[in-house]
There are 2 protein chains.
Amino acid sequence: MFSNSSKYALKAVLYLAVYSSESNKILAKNISEPINVPQAYIAKLLQELSRHNIVSSTRGPNGGFYINAQNREIPLIDIVSVIDGANRLNSCLLSVQNCNNEKPCPLHSFADPFRTDLINNLKKNTIGDMAKDIESGKSFLPL
Amino acid sequence: MFSNSSKYALKAVLYLAVYSSESNKILAKNISEPINVPQAYIAKLLQELSRHNIVSSTRGPNGGFYINAQNREIPLIDIVSVIDGANRLNSCLLSVQNCNNEKPCPLHSFADPFRTDLINNLKKNTIGDMAKDIESGKSFLPL
DNA sequence: ATTAAAACATGATATAAGTCATATTTAGGA
DNA sequence: TCCTAAATATGACTTATATCATGTTTTAAT
Ligand code: FES
Ligand code: FES
């Protein structure tokens, strides 16, 4: 579904959304442990996200990564698009090609509603939305 | 979601379900082209499935792979379990670990119902069921 | 029996995904 | 200004997945 890289990226971003702010930046190595991802790896992913303005960062002393108000409005789909490419989610369950509504494969009928709904949710829900769920105890960040 | 190998395996099995029978066995190399999978690769996958009694085969002249009445009753989930392992589908969207209903991750609420549904469908629907859909024109085998 | 056609078993290679290491640039503080 | 802490850029390494190749065993026909 998602690659490991996307999973890691999502976890890292949500972690930042909950625990960081413009005045409380977090070092890559300090994100690594709580989300259980090798630090050199998460650093690389965060750099990629930073380049696409999905997370914010400043370097030098007292630098680090953080999520600002603008980042908070970004939908989750942007994260997985940057890491996995835009249309990984559109691939047919039986083929490397894209899913095709006109010529549905045998699994299409019981897979497509799922995928469509998931994609819509990823477009609709922002980083901030998810952070709120975590803060209110409705959901949790897995290791 | 599924690995390419599982996709290929599913396609090959469904192809056999539609076009083969005990009296009409099909060679690995003749399955390869219509489902668009390298022949050495599909041969290997079919051998694995044969070892698990998901497809039938006989060797020697006039041999080949086929689906018999017993194979026809096998649910789709068995195919992907053999190729991808039993619990690839249960992994949490954000973690390599398994999905956990007691401590749902932020994506759980809009992913889990559908995944559960998908898994149930894979358990409920057999190879024969899918073949019937193809034969009746309700669905198609993708390249 | 001999031969040929096929699956079967095993392993080698290639490509992609994931992980690690190092050098460079930027920014803040002494 | 100089030093240090951090992100950044780039590339090397490792592991897993996907693909290919080769030899062996089984079966049926002659
Ligand atoms: S055509 Fe296969 S999932 Fe839609
Ligand atoms: S806990 Fe993440 S998908 Fe269920």
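No experiment lies behind these values; they were computed from the predicted model shown.
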Please give, in whole Å, the distance from dC20(C) C1' to Leu45(A) CG? 13 Å

In terms of side-chain heavy atoms, does Asp78(B) have a donor or acceptor partner in His52(B) at a distance below 3.5 Å? no

Touch class at under 4.0 angstrom, heavy-atom based, for Ala43(A) against every strand present: nothing

Considering only dA7(C), dT8(D), dT19(C), which nucleotide approaches the side chain of Phe65(A) most closely? dT8(D)

Distance only, no hydrogens: is a donor on one side chain within 3.5 Å (strictly under) of an acceptor on the other, for Asn24(A) and Ser21(A)? no

Measure the distance from OH on Tyr66(B) to P on dA6(C) and round it to the nearest whole Å. 15 Å

Do any side-chain nitrogens or oxygens of Tyr8(A) fall under 4.0 Å of OP1 or OP2 in dG18(C)? no

The side chain of Ala40(A) is closest to which nucleotide in this list: dA9(C), dG28(C), dC20(C)? dC20(C)

Same hydrophobic cluster for Tyr41(B) and Leu49(B), using side-chain heavy-atom links shorter than 4.5 Å among ILVMFWY? yes

Side chain of Ser3(B): nearest nucleotide among dA18(D), dA7(D), dT19(C)? dA18(D)

So if I take every side-chain heavy atom of Pro38(A) and compare against dT19(C), dC20(C), dT19(D), which nucleotide ends up nearest? dC20(C)

Below 4.0 angstrom from OP1 or OP2 of dT8(D), is there any side-chain N or O of Ser50(A)? yes

Determine: side-chain N/O of Ser57(A) to OP1/OP2 of dA7(D), distance under 4.0 Å, yes or no. no

Check whether the side chains of Asn100(B) and His108(B) place a donor and an acceptor atom closer than 3.5 Å, and report yes or no. no

Rounded to the Å, how far apart are Tyr41(B) OH and dA16(C) P? 13 Å

Taking for each residue the nucleotide of DNA chain C with the nearest heavy atom, is it Arg51(B) or Leu27(B) whose nucleotide lies nearer the 5' end? Leu27(B)

Could you pick out which residue, Gly60(B) or Leu46(A), lies toward the 5' side of DNA chain D when each is mapped onto its nearest nucleotide? Leu46(A)

Can you name the nearest heavy-atom pair linking Ser91(B) to Val96(B), along with the distance? CB-O, 4.2 Å

Geometric cation-pi criterion, Lys7(A) with Phe2(A): 6.0 Å, 45°: no

Rounded interatomic separation in angstrom, taking CD from Gln39(A) and P from dT22(C): 13 Å

Are OP1 or OP2 of dG29(C) and a side-chain N or O of Asn62(A) less than 4.0 angstrom apart? yes

Can you check the Gln47(A) CD to dT26(C) P distance for me, whole Å? 14 Å

How many whole angstroms separate atom CD1 of Ile83(A) from atom C1' of dA16(C)? 16 Å

When the distance from CZ of Phe2(A) to P of dA17(C) is rounded to whole Å, what number comes out? 16 Å

Side chain of Pro61(A) only, heavy atoms from C-beta on: which candidate in dT4(D), dC20(D), dA9(D) is closest? dT4(D)

Select base, sugar-phosphate, or nothing to describe what Lys44(B) touches, counting heavy atoms under 4.0 Å on all strands. base

Rounded interatomic separation in angstrom, taking CZ from Arg59(B) and P from dG23(D): 18 Å

